[in-house]
Amino acid sequence: MPHDHHDEHHDDHPHPHGSELSPMDLRVRALESVLVEKGYVDPAALDALIETYETKVGPHNGARVVARAWVDPGFRERLLADATPAMREIGVGGRGGEHMVVAANTPDEHNLVVCTLCSCYPWPVLGLPPVWYKSPPYRARAVIEPRAVLAEFGVALPEATRIRVWDSTAELRYMVLPMRPAGTEGLDEAALAALVTRDSMIGTGLPRAPGASS
Amino acid sequence: MPHDHHDEHHDDHPHPHGSELSPMDLRVRALESVLVEKGYVDPAALDALIETYETKVGPHNGARVVARAWVDPGFRERLLADATPAMREIGVGGRGGEHMVVAANTPDEHNLVVCTLCSCYPWPVLGLPPVWYKSPPYRARAVIEPRAVLAEFGVALPEATRIRVWDSTAELRYMVLPMRPAGTEGLDEAALAALVTRDSMIGTGLPRAPGASS
Amino acid sequence: MNGGQDLGGMQGFGPIAPEPNEPRFHAPWEKRVFGLAMAMGATGTWNLDASRAARESLPPGEYLTSSYYAIWLKALERQVKAHGLATADELATGTVSAPAAPVKRVLEGTEVAPLFARGFPSDRPVAAPARFAVGERVRALTINPPGHTRLPRYVRGRPGLVEAVHGGFIFPDTNARLAGEAPQWLYTVRFSGRDLWGEAAEPGHTVSVNAFESYLEPIP
Amino acid sequence: MNGGQDLGGMQGFGPIAPEPNEPRFHAPWEKRVFGLAMAMGATGTWNLDASRAARESLPPGEYLTSSYYAIWLKALERQVKAHGLATADELATGTVSAPAAPVKRVLEGTEVAPLFARGFPSDRPVAAPARFAVGERVRALTINPPGHTRLPRYVRGRPGLVEAVHGGFIFPDTNARLAGEAPQWLYTVRFSGRDLWGEAAEPGHTVSVNAFESYLEPIP
């Protein structure tokens, strides 16, 4: 068994057998039982899917892409020209990242990614999206008042910096390439990757400064 | 006491004292107690307000207006030119009907009234609006698919009839003047008024045919 | 405010549900809320536009899942608290624990019939001449104010025809925030279904809205 | 569909609520729903666009008051029932009482890693040349289809600039109703904040959306 909370899911006839099971747990358990028993779902596939997205994919993948782009101008160029094959060079890609676009922040322009219509997000690059990214306030406000949204995330940009919002309305998926922080000249790629936060690749944050606690 | 369900509202300290009181009843009772005790609300005014809108105003007022317009061409002309004073001639008007507009149906054009933003409705002419008029489905759909809405109300208009929707977005209030049904030549004003349904004055219905059961 | 109240053109709500022989009120508390909202409005602490603004500022999910008078109740409670007329604790307990605040007036029982029969007109004189005339083509402005407005989203940016000029009326956008009646010319503007909804609109369908002068611009 | 999902530009939701050290899932059932939705998608009974359509067809009030994975769950239950894969009674009891229906394929545990690492590309060849070129001014059409579409309301009728031409992609509006992939050219179109929201828009703000060719018309 690859994970912890599992034993409550594998008896055939779900029923209330303890206060730890919420009505939603019971409802989902019923659905799972039926779909598995009818042969539509292989329990091993279910386990593998959950394990993949719970433990394997995550923003560390995107951070590697960013760090590489910071140290390798050729990679950066390929990444901005056609992100999907460039990411594949370092083993990043897959479901939910089949058609990647990378938008580079500059002193003049800051990029911000949203999906107003649902929750599109580059899974293999950033993992599953956080609740706030999928929530009505973010989806509603990012396109109409992005500067106010950024301020709420503690990101204060100069007045002159333009804000470019990307609404993920098709199967393209977006990652922001943040600017490399000052004072990082001596850092190697792994140390740089450690400065790259998830939010800095959505556009709602900036990379950590070197020496700042993570 | 002017009405029936009243005694549960007049003790000073609401508390659960019987299963007939819902949580909402209790919550409103608390509010009422505080507002009355603080002297903002005169209980006699509250009674009078509720009695007025529960028992006095209603679509019978509008029906009188319609019937008069059917029998009196001069009244009809004044009603369509400036509805508020015309209605006052027969004692119809007041709060929620300060600025009335009457839209007359013709064989070429059918009128339909909605308030997409809230629940604006000509109270002294039609009474308080029914729940469906205030509900999201009606408010959402009346302006984008009025013919489909009319069909749901059982009103099938000829293809060539234009549909004119009035969205009550300010303090003007609308009443539809339906066409006088065929076969009503011999009826007096009171008999005609009995054919005028509330929905026919909103535009979601047509007057009853003479002899049809009410 | 592009809130839960701005419903024109939304989809997915399902059928309309008329109720045969619908009662005026569906529970005892509904009529009390109705009466209380009317009586508190008469104190002059706020106005009708402010009450609409309070209702539509409920979070959209809550607005859309609350019954009509539940929305009135929640808004009234908010207003009462916001204006210092009662505390949250008083509303929770029903027991008065803080002194009453002064209000401009209290509606007496004997005033209800004459006042409500007369009504509360919203027309006000406006010194400037009307900017638009009947028959003129205008466009509803693209505005998205965070506060109260009476220009629904579905007409914004759309061209229409002025079909009536109604005189000056209280401007809800300022009145709702108690910033003055600031009366403006009010128009009826008629839009074609195609201009509002596109080529798939039902044929022969128009929508008329009442629009304040500052909601409109001329079409050159 | 102008449903609860079409959120761009709505107001009244209040602040965004980031959660420090947010877990991947907030309850055991959430991860099961996630996995089940993925696994059932892999049976080929429906597609990703159909699943989006199922989620957004929840009544708007329910959509806006349901948690994210609750929306997934409700949509998945609907799809399973609509395609005859299970009955309402089976889902209520968790007990199988009807024979299984055939599905196109069943995802095996060993296939997950290679399949999901490879992904499921949505680009498709389109024979016709692209109608629009980078740098061209276009207008998003005014459309209000009752079914699934990926053109958000807030850009409809608004002028923008083509900034990228991406090749052919599956057209969600047909694919969602299992009426074919009908690939179309896909563009990135950039809109100014002022064109979308009016003069009060934040300065220097633009929004880029991905728009299918049939969502756009040239600006003469």
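Here is the naming used below: chain letters follow the sequence lines, and residue numbers restart at 1 for every chain.
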field: Side chain, backbone, both or neither of Ala164(C) within contact of chain B (heavy atoms, under 4.5 Å)
entry: neither
- line: chain B shares the most heavy-atom pairs under 4.5 Å, among Tyr69(C), Tyr68(C), Phe25(C), Phe212(C), with Tyr68(C)
statement: Under 4.5 Å to a heavy atom of chain B? For Pro121(C) that would be both
task: Can you tell which part of Phe116(C) gets under 4.5 Å to a heavy atom of chain B, answering side chain, backbone, both or neither?
output: both
- prompt: Between Arg141(B) and Leu7(C), is a side chain to side chain contact (heavy atoms under 4.5 Å, CB included) present by the stated rule, with each step listed?
  reply: CA-CA 8 Å; Arg141(B) 295 174 55 199; Leu7(C) 285 166; over 6 Å; no
- prompt: Aromatic rings Phe169(C) and His99(B): how do their planes relate, parallel, tilted or perpendicular, breaks at 30° and 60°?
  reply: perpendicular
Pro23(C) versus chain B, the contacting section by heavy-atom distance below 4.5 Å: neither
message: Determine whether the aromatic ring centres of residues Phe191(C) and Trp166(B) are separated by less than 6.0 angstrom.
response: no
statement: The interface call for Tyr53(B) against chain C, heavy-atom contacts under 4.5 Å, is both
- prompt: Is it the backbone or the side chain of Leu186(C) that comes under 4.5 Å from a heavy atom of chain B, or both, or neither?
  reply: side chain
- prompt: Which region of Thr43(C), side chain (C-beta onward) or backbone (N, CA, C, O), has a non-hydrogen atom less than 4.5 Å from a non-hydrogen atom of chain B, or is it both or neither?
  reply: side chain
task: For side chain to side chain contact (heavy atoms under 4.5 Å, CB included), just list the numbers for Arg27(B) and Lys74(C), CA-CA rounded to whole Å, side-chain angles, deciding distance to a tenth of an Å, and then say yes or no.
output: CA-CA 10 Å; Arg27(B) 180 170 169 178; Lys74(C) 291 170 185 178; 3.6 Å; yes
Ala113(C) portion near chain B, given a 4.5 angstrom heavy-atom threshold: neither
query: Checking Arg190(C) against chain B: side chain, backbone, both or neither under 4.5 Å from a heavy atom?
result: side chain
- request: Sort Glu22(C) into side chain, backbone, both or neither according to what part of it lies under 4.5 angstrom from a heavy atom of chain B.
  value: side chain
query: Given that the side chain runs from C-beta out, which part of Val80(C) has a heavy atom under 4.5 Å from chain B: side chain, backbone, both or neither?
result: side chain
- prompt: So which part of Leu48(C) gets closer than 4.5 Å to some heavy atom of chain B, the side chain, the backbone, both or neither?
  reply: side chain
statement: Okay, Val103(C) and chain B: the region with an atom under 4.5 Å from a heavy atom over there is side chain
task: Could you look at Asp49(C) and say if it's the side chain, the backbone, both or neither that has a heavy atom under 4.5 Å from chain B?
output: side chain
Region of Arg52(C) in contact with chain B, defined by heavy-atom distances below 4.5 Å: side chain
